A.B. asks: 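One structure, pasted below without further comment.
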Amino acid sequence: MSIPKVLAIHDMSCVGKAALTVILPILAACGVEAVPLPTAILSNHLDFPHVEKFDFTSYMHAFMNVWSQNQTTFHAIYSGYLASPKQIQIVEDAISRYKIKKSIIMIDPVMGDKGKLYKGYEHDMVLGMKHLISYADIIKPNYTEACYLTDSEYKVDGVTKEEGIELLKKLRTIGTKSALITSISIDGQSSVIGYNNSSGDYFCLPYNEIPIHFPGTGDIFSAILIGHLLGNESLTNSTQKAIDGVYRLIDLNKENEDKNRGIPLEQYLDIL
């Protein structure tokens with residue numbers, strides 16, 4: 001039986017469960033082979049008070065050149081945290097090299113949260129990300145990122161369902177086929193709102209938010225999502241399973257004293 005293979009373009013945080021350290025085991029649990037292409041290697045994720053970082057930009061093309069020589073192919077390409085506009089161009093190159101018929105291109109445009117860009121990100125990253133998502137089959141911005149990508153006003157109290165659908169329409173105008181907006185309040189309810197290009201349907205999936213922060217939960221969501229999509233499940237069903245998986249993992253670990261360690265996935269891969 002052929003095992004789906006995903007090129008996962010993300011950072012690697014050595015301590016604390018986030019990015020590639022959660023993506024690799026979750027995709028393995030879903031029966032998917034994940035091939036990592038690091039964008040940066042960090043001593044630990046950024047929630048820790050001290051961080052040492054190694055920028056992997058100069059090595060990314062070298063790895064890709066070898067894979068091309070070895071005729072390596074992928075069933076999906078999935079990018080997350082990118083450290084610079086130059087890395088956006090590298091992801092575009094990866095897509096042009098490795099996209100095959102029926103492959104899935106999923107872009108998580110990691111740029112900000114709570115109405116603001118992350119430290120070190122400027123307008124050039126937003127412009128570059130707008131161009132990158134035009135290649136995507138699926139994008140997964142949070143509400144903040146959706147606002148930056150569409151030049152829309154960020155509303156602290158959230159939006160109506162109609163306004164959420166308008167945001168999705170604006171994202172699709174940029175070029176993506178399907179889109180999800182996570183961490184968005186729709187009519188006062190925490191939700192994920194999306195558009196499924198295959199069916200032509202909009203959907204809104206509410207959830208009960210547990211007000212506890214764990215690093216890496218967005219990456220966990222994305223890994224569950226693409227794992228189920230590669231199992232030929234619909235975007236709506238895959239999104240619901242990602243919501244349920246993240247909720248259950250947070251709920252099972254809400255009493256953990258050291259949240260910086262992240263979700264101890266080793267104990268829970270069987271439920272994903």
Side-chain angles (χ1 to χ4, degrees), residues 18 22 26 80 106-118 133 136 138-174 176-229 233-256 259 262-263 268 271-272:
V22 302
I26 289 174
M106 188 170 97
I107 307 295
D108 186 356
V110 180
M111 295 188 296
D113 199 7
K114 302 185 186 306
K116 297 181 180 180
L117 292 175
Y118 292 132
I133 67 174
I138 303 167
I139 62 171
K140 198 216 79 175
N142 61 29
Y143 175 45
T144 295
E145 293 153 353
C147 288
Y148 273 99
L149 289 169
T150 59
D151 301 310
S152 300
E153 177 189 358
Y154 176 86
K155 298 182 178 181
V156 176
D157 295 328
V159 298
T160 64
K161 184 176 181 180
E162 290 73 20
E163 290 171 324
I165 289 173
E166 284 303 312
L167 269 177
L168 290 168
K169 288 179 178 178
K170 289 180 180 179
L171 290 170
R172 292 180 58 228
T173 298
I174 298 173
T176 183
K177 294 177 182 177
S178 298
L180 303 175
I181 303 175
T182 64
S183 302
I184 185 170
S185 176
I186 300 289
D187 296 324
Q189 173 69 55
S190 297
S191 304
V192 176
I193 191 168
Y195 174 78
N196 185 344
N197 183 67
S198 297
S199 64
D201 295 330
Y202 291 94
F203 59 90
C204 185
L205 304 174
Y207 61 89
N208 294 320
E209 183 174 356
I210 301 174
I212 296 173
H213 172 68
F214 278 100
T217 51
D219 301 316
I220 292 172
F221 181 103
S222 296
I224 297 172
L225 174 71
I226 198 165
H228 284 286
L229 288 172
E233 296 187 48
S234 71
L235 179 59
T236 305
N237 288 345
S238 298
T239 302
Q240 186 64 63
K241 288 182 177 180
I243 292 170
D244 294 343
V246 171
Y247 179 90
R248 188 173 181 191
L249 289 172
I250 294 175
D251 188 49
L252 287 168
N253 291 277
K254 60 189 176 186
E255 303 301 329
N256 293 7
K259 302 295 192 295
I263 302 290
Y268 304 110
I271 73 172
L272 296 177

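None of the values given here were measured: they were computed from a predicted structure.
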A.B. asks: Between CE of M106 and OG of S178, what distance do you get to the nearest 0.5 Å?
C.D. replies: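 It is 11.5 Å, given to the nearest 0.5 Å.
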A.B. asks: Could you tell me which residues satisfy side-chain hydrogen bond (donor to acceptor under 3.5 Å, both in side chains) with K116, sequence neighbours excluded, listed by chain and number?
C.D. replies: none
A.B. asks: With sequence neighbours excluded, what pairs up with D219 under the salt bridge (charged side-chain N to carboxylate O under 4.0 Å, His left out) test?
C.D. replies: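 Applying salt bridge (charged side-chain N to carboxylate O under 4.0 Å, His left out) to D219 gives none.
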A.B. asks: Keeping the roles fixed (side chain from K140, backbone from G218), state whether a donor-acceptor pair exists under 3.5 Å.
C.D. replies: yes
A.B. asks: To the nearest 0.5 angstrom, please state how far the CZ atom of R248 sits from the CD1 atom of I250.
C.D. replies: 13.5 Å
A.B. asks: Excluding sequence neighbours, so at least two apart, what forms side-chain hydrogen bond (donor to acceptor under 3.5 Å, both in side chains) with N208?
C.D. replies: none
A.B. asks: If every non-hydrogen atom of P109 is compared with every non-hydrogen atom of E145, which pair is closest and at what distance?
C.D. replies: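 Distance-wise, the nearest heavy atoms are O-CD, 3.1 Å.
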A.B. asks: Determine, step by step, whether L117 and T144 satisfy the side-chain contact (heavy atoms from CB on, under 4.5 Å) criterion, reporting the C-alpha distance in whole Å, the side-chain angles of both residues, the deciding distance to 0.1 Å, and the verdict.
C.D. replies: CA-CA 8 Å; L117 292 175; T144 295; 5.9 Å; no
A.B. asks: Can you list the steps and then say if I138 with L229 is a side-chain contact (heavy atoms from CB on, under 4.5 Å)?
C.D. replies: CA-CA 11 Å; I138 303 167; L229 288 172; 3.4 Å; yes
A.B. asks: As an exercise, state the distance from NZ of K241 to CG of L205, rounded to the nearest 0.5 Å.
C.D. replies: 13.0 Å
A.B. asks: Would you name the heavy atoms of N253 and F214 that are closest together and state the gap between them?
C.D. replies: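 Shortest heavy-atom contact: O-CZ, 3.2 Å.
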A.B. asks: Which atom names give the shortest non-hydrogen contact between L167 and A146, and what distance separates them?
C.D. replies: CD2-O, 4.2 Å
A.B. asks: Please give me the minimum heavy-atom distance between N197 and K177, naming the atom from each residue.
C.D. replies: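 Closest approach of N197 to K177, heavy atoms only: CB-O, 3.5 Å.
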A.B. asks: From Y247 OH over to L252 CG, what is the distance, rounded to the nearest 0.5 angstrom?
C.D. replies: 10.0 Å
A.B. asks: Can any side-chain N or O of N142 pair as donor or acceptor with the backbone N or O of G112 at less than 3.5 Å?
C.D. replies: yes
A.B. asks: In chain order, what residues pass the ring pair (Phe, Tyr, Trp, His ring centres under 6.0 Å) check against Y202, with sequence neighbours excluded?
C.D. replies: Y195
A.B. asks: Can you list every pair that meets ring-ring contact (aromatic ring centres under 6.0 Å, His included) and has a residue in residues 144-164, with sequence neighbours left out?
C.D. replies: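 As it turns out, the ring-ring contact (aromatic ring centres under 6.0 Å, His included) pairs with a partner in residues 144-164, which skip direct neighbours, are Y143-Y154.
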A.B. asks: Which atom names give the shortest non-hydrogen contact between I174 and L149, and what distance separates them?
C.D. replies: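 In this case the closest contact between I174 and L149 is CD1-O, 3.4 Å.
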A.B. asks: In Å and rounded to the nearest 0.5 Å, what is the CG to CG distance from D244 to L249?
C.D. replies: 11.0 Å
A.B. asks: Going by salt bridge (charged side-chain N to carboxylate O under 4.0 Å, His left out), name the residues that satisfy it together with D151, two or more places apart in sequence or in a different chain.
C.D. replies: K130
A.B. asks: To the nearest 0.5 Å, what is the distance between OG1 (T173) and CG (L168)?
C.D. replies: 10.5 Å
A.B. asks: Please list every donor-acceptor pair under 3.5 Å in which a side-chain atom of residues 180-190 meets a protein atom from a residue at least two apart or in another chain.
C.D. replies:
from, atom 1, to, atom 2, distance (Å)
Q189, NE2, Y207, O, 2.6
S190, OG, E209, OE1, 3.0

A.B. asks: Quick one: list whatever passes side chain to side chain contact (heavy atoms under 4.5 Å, CB included) with E166, sequence neighbours left out.
C.D. replies: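 Side chain to side chain contact (heavy atoms under 4.5 Å, CB included) check on E166 returns K169.
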A.B. asks: Listed by chain and number, what are the salt bridge (charged side-chain N to carboxylate O under 4.0 Å, His left out) partners of K254, not counting sequence neighbours?
C.D. replies: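 Partners of K254 under the salt bridge (charged side-chain N to carboxylate O under 4.0 Å, His left out) test: D251.
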A.B. asks: The criterion is side chain to side chain contact (heavy atoms under 4.5 Å, CB included); which residues satisfy it with N237, sequence neighbours excluded?
C.D. replies: E233, S234
A.B. asks: How far apart are the closest heavy atoms of A179 and L171, and which atoms are they?
C.D. replies: CB-CD1, 4.4 Å
A.B. asks: Who are the side-chain hydrogen bond (donor to acceptor under 3.5 Å, both in side chains) partners of D113, not counting sequence neighbours?
C.D. replies: none
A.B. asks: Taking side-chain hydrogen bond (donor to acceptor under 3.5 Å, both in side chains) as the definition, give me every residue that meets it alongside K170, ordered by chain and number, with sequence neighbours left out.
C.D. replies: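 Expected list: S152.
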